[in-house]
Amino acid sequence: MDAEEDRTGRSIAHRPSSAVTAPPRAAAQPVPAPAPSRLAARLQRAHAIADLRNQAARRLPKAVFDFIDGGAEDERTLRDNVEAFDAWMLMPRVGVDVGTRDLSRSILGFRSSLPLMMAPTGLAGFFWPDGEVAGAQAAARAGIPYCLSTNSVGSIEHVADGAPEGERWFQLYFLRDREWMQALLSRAAAARYRVLCLTVDLAVQGRRERDLRNAFTMPLRPRLSTALDLARRPAWLAGVARSRLGFGNFQVAGSGFTSVAQHVASLFDPSASWDDIARIRDRWRGPMALKGLLHPADAERAVALGIEAVIVSNHGGRQLDDVPAAIEALPDVAAAVSGRAEVILDAGVRRGTDVIKALALGATACSLGRPFLWGLSAGGTEGVSRAIEIVRNELDNAMTLLGTPTLDAITRDHVRQRTGRW
């Protein structure tokens, strides 16, 4: 709950005036401020994104936490996405007036308060009741874009109704049923999603071995081995009990337990080509981003089709393992685009200093995926707001110490590759 919701106002009855003078009273004692809620107090103890991750791990069943936290096969790319930022050092400059800082940036025509967006993440409503709405509301409150996944629990229309004032994007996969795919585009346009984000790195789902070992399904299938773990998560169970779980943008026959891999295999189209991407570009009337690019030649081809933004991404290390970390692929992609399209870095951002490194290497902005879901799982809308606040505070602090009062002041000269001499 925010401060306005926590405040308990007490009405004071007005007394009629009287000729009789009341005796003097002792000076009124200040009324103590109401204690913050337990949730708000817990979230305030999170001083880094890693703290929100720990809070999410305590609240979620292991199988559900692993679905957020895990990657493909040996998870090398998952680890590299984070650790590859360590290959870059920041080089501060002094004698710069940093008395005021401007952290805002235009992202595809929207003036965002931060160089951040909420990444499209499936099943957010499984981690917190009405999770997609919670995320969209937190993004709107912060003044940054929110991107809704095709694989959301809440539908396109439901999320739009729940966060009507926010900057909304819609993420689309290639589906076997092209009529249904076109219907999703029409629904997104009608619900005023301004930007289309087309994801192109999910021809099939990667082998996510944590999910295979946990037999993760949607909804979660109870097993003897997980019964005790579920029983120890009453808050999450209570949320699930009052939620209507499913893939809100699909009408799929049957109501049994479905693995995400089965869902992808039955509905998604592995035969999509650049010709199909071009047709989507022609049909969508607003700005469009292409997500899932690592090779600079693919970025050049996207620009040639008139796509306004490329999202450098390996799907958070959840698809093909042993591909480059997103930050490693970023400089070559940015060079290939050469200012003809915006470049958004997706995967591995955990600190405000990570954002600075990405901007210095050519990114327009960064997207938050797991940090968003960890914050959501820890505390709903307030947890997502706390995740954004943490990155905002770290970014502002680092910009001040780096000597860069604006985002445009951050250049390639502000980073150096770590040489290992220390």
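Basis for what follows: all heavy atoms, side chains included, without hydrogens, waters or symmetry-related copies. All figures in this text were calculated on a predicted structure; none of them were measured in a lab.
Atom CZ of Arg416 has more than 12 heavy atoms from other residues, nucleotides or ligands within 6.0 Å. The neighbour count for Arg207 CZ, taken as heavy atoms of other residues, nucleotides or ligands under 6.0 Å away, does not exceed 12. Counting non-hydrogen atoms of other residues, nucleotides and ligands closer than 6.0 Å to CZ of Arg232 gives a total of 12 or fewer.
Residues Arg111 and Ser104 bring a donor and an acceptor atom of their side chains to less than 3.5 Å of each other. One side chain, Trp169 or Glu167, offers a donor N or O that lies under 3.5 Å from an acceptor on the other. Judged by distance alone, the side chains of Ser152 and Asn249 do bring a donor and an acceptor atom under 3.5 Å apart. Checked by atom type, the side-chain pair Asp130/His158 shows a donor-acceptor distance below 3.5 Å. At a cut-off of 3.5 Å, with distance as the only test, no side-chain donor of Asp102 or Thr406 sits close to an acceptor on the other residue. Side chains of Asn314 and Asn81: a donor-acceptor N/O pair is present below 3.5 angstrom, by distance only.
The CG atom of Leu290 sits 8.5 Å away from atom CG of Asp298, with the distance rounded to the nearest 0.5 Å.
Looking at heavy atoms from C-beta onward, Met399 lies in side-chain contact with Leu103 at the 4.5 angstrom threshold.
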Determine, stepwise, if the pair Arg208 / Gln319 fulfils side chain to side chain donor-acceptor pair (under 3.5 Å). CA-CA 8 Å; Arg208 303 170 191 173; Gln319 285 298 95; 2.9 Å; yes

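Proximity of the aromatic rings of Phe65 and Trp236 is defined here by a centroid distance below 6.0 angstrom, and this criterion is not met.
Under the 4.0 Å criterion applied to side-chain N and carboxylate O atoms, Glu382 and Arg386 are not assigned as salt-bridge partners.
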